[in-house]
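Every value quoted in this text rests on a predicted model; they were computed, and no experiment measured them.
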Amino acid sequence: MSFEPARALRAITTVLAFGLLAGVARADLVWTRATGWQIEGGVLAGLTGAQGADALNLMNKARLAEENGSTHAALSAYKKVGSKYSSSIYAPEAFYHSGLIRWKRHQYFKAFEAFQTVLARYPNVKRFNEIIQDEYEIAATLLNGGRNRLFGVVPTFTNRERAVQYMEVILVDAPYSDYAPLCLMAVARGHQYLGQNEEAIDALDRIVNTYSGSVIAPDAYLRLAQLHSALVEGPYYDQAETKQAITYDEDFMILFPTDPKIARAATSLDQMKKVLAESKMKIGDFYFYKRDNYPAARVFYNEAITSYPDSDVTKRARVRLNDVEAKANASAQGGAKKKHFLFF
């Protein structure tokens with residue numbers, strides 16, 4: 001096999017390129033006002049010669065402007081670094097500082113976008129956890145009613161829908177971080193504020209199913225019980241939501257017996273069991289008084305008793321059962337006499 005100089009050159013170039021990238025990955029940028037940006041822990045910045053010098057000059061100019069409060073000049077310089085030298089070690093830092101400036105100017109949308117640019121283009125950035133925290137705080141600010149400002153000056157309307165979207169983005173980027181369950185709780189709170197209870201329930205379900213070991217899991221169970229109970233329309237209606245509320249209250253009391261909020265769960269459980277038992281009573285009354293269907297009435301009165309044995313509803317259900325038996329016996333006797341006169 002003949003040796004090809006061009007192929008050998010390409011191979012060497014590839015090896016060097018990977019070496020350069022590795023050097024960039026290991027390097028850290030450190031800023032001091034006296035020395036400007038310096039690279040530590042690595043050898044190269046991803047740029048050499050005039051390009052490297054230009055990028056460094058822009059970064060120093062941007063940071064000095066940022067520290068002096070000249071935000072427009074800083075943003076302009078950081079933008080040039082991000083667009084002209086996107087493959088350098090300076091680019092992720094430029095986008096990150098652009099995000100910080102936007103954040104301080106209450107330009108929450110653009111700040112979040114800048115942080116997302118860092119995570120999307122430079123997923124191995126060492127600031128990953130720091131950026132996730134920053135994004136969470138921006139989303140939380142919007143969820144709590146913070147207003148994005150146009151040009152950093154003009155406040156716009158509150159936008160909790162955007163906050164919920166941002167929380168979901170963070171979940172995708174960092175599903176195993178400490179912020180993941182917090183994001184889901186915030187998503188639930190946002191949907192609840194917007195009157196979207198079904199979506200809120202879904203977010204809370206994701207907490208108890210995916211992050212059951214989280215410190216906020218107990219609150220998720222309680223909130224699920226509260227949301228389901230809020231959807232209960234009373235004993236005359238379908239009791240699916242009542243049963244769900246009971247399930248989550250009971251789960252909370254079993255899983256977290258020493259939680260300070262155990263009394264709240266017990267009160268909620270008592271209320272929901274009463275609603276369920278009353279529902280059985282209403283159906284039983286319908287069959288008893290409206291249809292004279294004594295077997296069906298017996299079934300529902302007994303279900304009222306088993307739904308909440310230690311309650312006033314149980315006492316009324318037992319009285320009704322006695323009435324049912326009396327009526328059923330009287331009906332049976334009346335039917336027998338009627339048959340007797342028909343034959344004679």
Side-chain angles (χ1 to χ4, degrees), residues 136 139-140 143-144 160 163-164 167-168 171 175-284 300-318:
Y136 175 82
L143 189 64
N144 291 328
R160 289 181 172 86
V164 169
M167 291 294 182
E168 293 284 6
L171 275 166
Y176 305 111
S177 72
D178 292 337
Y179 284 95
L182 294 176
C183 285
L184 279 174
M185 184 63 80
V187 168
R189 190 159 61 91
H191 282 305
Q192 192 172 1
Y193 184 89
L194 296 168
Q196 300 165 346
N197 284 346
E198 294 295 337
E199 289 82 357
I201 287 171
D202 176 71
L204 293 168
D205 271 330
R206 288 154 67 190
I207 294 176
V208 300
N209 290 325
T210 310
Y211 306 101
S212 57
S214 168
V215 294
I216 65 172
D219 279 342
Y221 278 98
L222 275 182
R223 286 174 179 265
L224 278 165
Q226 292 166 0
L227 281 171
H228 281 293
S229 65
L231 296 174
V232 174
E233 298 181 286
Y236 288 99
Y237 300 89
D238 179 76
Q239 295 302 302
E241 298 297 341
T242 309
K243 293 175 182 177
Q244 288 280 22
I246 289 172
T247 296
Y248 285 113
D249 278 327
E250 289 178 337
D251 286 349
F252 174 86
M253 297 176 72
I254 292 169
L255 294 171
F256 313 103
T258 60
D259 192 281
K261 297 176 182 176
I262 197 78
R264 184 190 301 180
T267 300
S268 172
L269 181 62
D270 175 75
Q271 293 172 344
M272 290 298 99
K273 282 188 172 182
K274 281 183 179 178
V275 171
L276 183 60
E278 284 287 359
S279 176
K280 303 298 182 182
M281 285 292 294
K282 300 298 182 186
I283 301 173
F300 286 102
Y301 289 142
N302 278 310
E303 286 186 2
I305 294 170
T306 57
S307 294
Y308 200 5
D310 302 320
S311 68
D312 292 338
V313 180
T314 293
K315 296 177 183 178
R316 288 191 283 116
R318 294 190 189 282

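Taking CG from Leu224 and CG from Asp251, the interatomic distance works out to 9.5 Å, rounded to the nearest 0.5 Å. Here the OG1 atom belonging to Thr247 is positioned 11.0 Å from the OH atom belonging to Tyr221, to the nearest 0.5 angstrom. Atoms CZ and OH, on Arg316 and Tyr301 in that order, are 10.0 Å from each other to the nearest 0.5 Å. Considering CG of Asp219 and CD1 of Ile207, their distance stands at 9.0 Å, rounded to 0.5 Å. Note that the CD1 atom of Ile246 and the OG atom of Ser307 stand 7.5 Å from one another [nearest 0.5 Å]. With values rounded to the nearest 0.5 angstrom, Arg264 atom CZ is found 9.0 Å from Asp259 atom CG.
Nearest approach of Asp249 to Ser268, heavy atoms of both residues: OD2-OG, 2.6 Å. Of all non-hydrogen atoms in Tyr136 and Cys183, the two that sit nearest each other are CD1-SG, 3.7 Å. Ala265 approaches Phe252 most closely through the heavy-atom pair CB-CD2, 3.4 Å. Between Ile216 and Pro181 the shortest heavy-atom distance is CD1-O, 3.1 Å. Nearest heavy-atom pair, Pro175 versus Tyr211, reported as atom, atom and distance to 0.1 Å: O-OH, 2.6 Å. Heavy-atom minimum distance, Thr314 versus Pro309: OG1-O, 2.9 Å.
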Could you walk me through whether Leu222 and Tyr248 satisfy the side chain to side chain contact (heavy atoms under 4.5 Å, CB included) test, starting with their C-alpha distance in whole Å, then the side-chain angles of each, then the deciding distance to 0.1 Å, before giving a yes or no? CA-CA 7 Å; Leu222 275 182; Tyr248 285 113; over 6 Å; no
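Remark: Arg206 pairs with Glu168 by the side-chain hydrogen bond (donor to acceptor under 3.5 Å, both in side chains) rule, at least two apart or across chains. In terms of the side chain to side chain contact (heavy atoms under 4.5 Å, CB included) criterion, residue partners of Ala163 (sequence neighbours excluded) are, by chain and number, Leu142, Leu143. Shown here are the salt bridge (charged side-chain N to carboxylate O under 4.0 Å, His left out) partners of Asp178, two or more places apart in sequence or in another chain: there are none. In this view, Tyr308 and Asp270 satisfy the side-chain hydrogen bond (donor to acceptor under 3.5 Å, both in side chains) rule, not counting sequence neighbours.
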Let me have the donor-acceptor pairs involving side chains of residues 190-202, under 3.5 Å, with sequence neighbours excluded, atom names and distances please.
residue: His191; atom: ND1; partner: Gln196; partner atom: OE1; Å: 2.6
residue: Tyr193; atom: OH; partner: Arg160; partner atom: NH1; Å: 3.4

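Using a 4.5 Å heavy-atom cutoff, the side chains of Arg189 and Met185 are not in contact. Two residues are said to be in side-chain contact when any heavy atoms from C-beta on lie closer than 4.5 Å; Lys280 and Leu276 meet this criterion.
Annotation: side chain to side chain donor-acceptor pair (under 3.5 Å) contacts involving residues 225-234, sequence neighbours excluded, comprise His228-Glu241.
In this structure a side-chain-to-backbone donor-acceptor pair under 3.5 Å is missing from Glu250 to Ala245.
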